[in-house]
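Notes to accompany the following structure.
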Amino acid sequence: MTEQLPILIAGGGIGGLSTAIGLAQRGRGSIVLERAQRLGEIGAGIQLGPNAFHCFDALGIGEQARAMAVYIDSLRFMDAMTAQEVARIPLDDVFRRRYNNPYGVIHRGDLHGVILKACSDNPLVELRTSSEVVDYEQDENTVTAILANGERVRGRMLVGADGLWSNVRKRVVGNVKPRVSGHTTYRSVIPAEAMPEDLRWNAATLWAGPKCHLVHYPLSGWKLFNLVVTYHNDAPEPVAGQPVSHDEVRRGFTHIHEKAQKIIEIGKDWKLWVLCDREPVGKWQDGRVVLLGDAAHPMMQYFAQGACMAMEDAVCLGVEFEAATGDVARAIASYVSKRHLRTARVQLQSRWIGEHIYHPAGAHAELRNAIMRNKTPEEWYQSVDWIYGGMQNNAGEMHGGNKLKV
């Protein structure tokens with residue numbers, strides 16, 4: 001009888017919905033329990049490495065997701081103090097052949113919408129809003145999610161995909177606050193025609209300066225441009241999605257080149273986030289309960305891998321559940337063993353590149369520039385093989401085969 005119970009998923013974001021559709025593909029029913037009154041995503045653009053496209057294909061949404069993405073020509077690295085290009089990494093046919101997929105950018109809401117439609121269209125997925133999971137109970141064969149309204153929902157496994165402030169994580173790992181980085185990010189989306197022509201590049205462009213950086217790239221079929229600027233201002237407390245004035249955004253960027261400052265001037269309706277992550281942990285499970293995505297491994301934005309890692313988690317969990325023929329304990333153990341070191345590496349290297357690539361000053365920045373200028377495309381590709389090639393080079397992972405690269 002317990003095999004007929006659904007798998008419960010706390011959280012209806014990209015990770016939670018990807019988990020639901022990944023399980024449904026393998027004939028497993030789930031109930032997604034989302035705290036908000038409606039399913040949707042806040043934020044703006046996100047970057048998608050080839051490993052994200054491997055996940056789309058594994059989840060059966062490759063065609064739909066590809067239709068929403070913009071395919072950029074390169075990753076451009078600019079010195080924000082001199083407005084000089086330091087390095088350019090081509091994302092051309094050589095790159096695509098190497099990883100068997102492209103590099104793209106997409107609006108977070110568009111991506112969420114693709115996954116949400118796949119879930120809505122699948123009878124094995126039940127979506128519930130206004131259903132915040134605040135606690136759980138379990139016995140030898142079942143787990144019960146306890147909702148904020150007092151309702152109890154019974155299932156055979158609970159996946160905590162409820163984000164940075166996960167209630168499920170509090171029980172699994174402990175009630176430890178996230179690590180506040182002190183880096184404040186401001187986001188804006190503008191019409192493409194508002195972007196100055198001399199900056200209207202088909203690239204994901206990073207301008208790096210002392211304790212700050214700026215990123216921009218096109219979105220939504222070149223109708224929009226995504227602007228993301230970050231300032232290391234020692235912000236003490238987490239903040240998410242708070243509207244701010246132009247003056248506040250300008251404050252952290254008065255020391256950089258005027259060409260880079262133009263990016264701030266053209267922004268509209270800026271909103272701020274204070275960036276947080278957590279220390280990597282190996283304990284993601286408690287009996288029939290397991291963590292996924294930001295609930296398991298929240299990370300800084302500097303590797304542009306948060307959503308990608310959540311989708312990889314979702315694919316892996318579905319594969320391991322099928323390989324374990326429904327044995328929850330075995331599926332969870334195998335999933336955690338395959339995922340926790342790979343995601344820990346992304347967490348820690350995201351911090352490292354924030355310090356040594358995005359925000360250095362003086363001789364530290366000069367050394368960075370000298371090293372980056374001398375790297376060939378092949379050397380750049382070798383440095384990211386472990387992350388972009390993980391799913392593709394070990395494609396058997398999606399069919400119960402080898403582990404993802406670590």
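- Salt-bridge check for R28 with E322: failed, with every basic side-chain N at 4.0 Å or more from each acidic carboxylate O.
- The local environment of CD in E63 is sparse, with at most 12 non-hydrogen atoms from other residues, nucleotides or ligands closer than 6.0 Å.
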**Study point:** salt bridge (charged side-chain N to carboxylate O under 4.0 Å, His left out) between R330 and E320, intermediate numbers included
**Key:** CA-CA 8 Å; R330 186 153 63 95; E320 296 311 317; over 6 Å; no
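- Around NZ of K375, the count of heavy atoms belonging to other residues, nucleotides or ligands within 6.0 Å exceeds 12.
- The side-chain tip of R345 points at the ring of W386 from less than 6.0 angstrom away and within 45° of straight on.
- By the 4.0 Å N-to-carboxylate-O rule, R169 lies too far from D286 to be salt-bridged with it.
- Salt bridge absent: E355 and K211 never bring a charged side-chain N and a carboxylate O closer than 4.0 Å.
- Taking the ring axis of Y136 as reference, the NZ or CZ atom of R171 stays within 45° of it and closer than 6.0 Å to the ring centre.
- At least one donor-acceptor pair under 3.5 Å links the side chain of Q261 to the backbone N or O of I256.
- Ring geometry, Y302 versus H359: the interplanar angle exceeds 60°, so the pair is classed perpendicular (tilted spans 30 to 60°).
- Side chains of N149 and E132: a donor-acceptor N/O pair is absent below 3.5 angstrom, by distance only.
- Rounded to the nearest 0.5 angstrom, S18 OG and E312 CD are separated by 11.5 Å.
- Distance alone, capped at 3.5 Å, is enough to place a donor-acceptor pair between the S383 side chain and the W380 backbone.
- F253 and Y231 have tilted rings, their planes meeting at an angle from 30° to 60° on a 0 to 90° scale.
- Within a 6.0 Å radius of CD in E193, more than 12 heavy atoms belonging to other residues, nucleotides or ligands are found.
- Residue pairs meeting the side-chain hydrogen bond (donor to acceptor under 3.5 Å, both in side chains) criterion with at least one member in residues 70-81, sequence neighbours excluded, are D73-N202, R76-E85, D79-N369.
- The six-membered or imidazole ring of Y381 lies near that of F95, with a centre-to-centre distance under 6.0 Å.
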**Study point:** Evaluation steps, salt bridge (charged side-chain N to carboxylate O under 4.0 Å, His left out), between R250 and D247
**Key:** CA-CA 5 Å; R250 288 187 187 103; D247 286 342; 2.5 Å; yes
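- Other residues, nucleotides and ligands place more than 12 heavy atoms under 6.0 Å from the NZ atom of K283.
- Listed by first and then second residue, the side-chain hydrogen bond (donor to acceptor under 3.5 Å, both in side chains) pairs involving residues 288-298 are H297-D313 (not counting sequence neighbours).
- The closest donor-acceptor contact from the side chain of R368 to the backbone of I357 lies under 3.5 Å.
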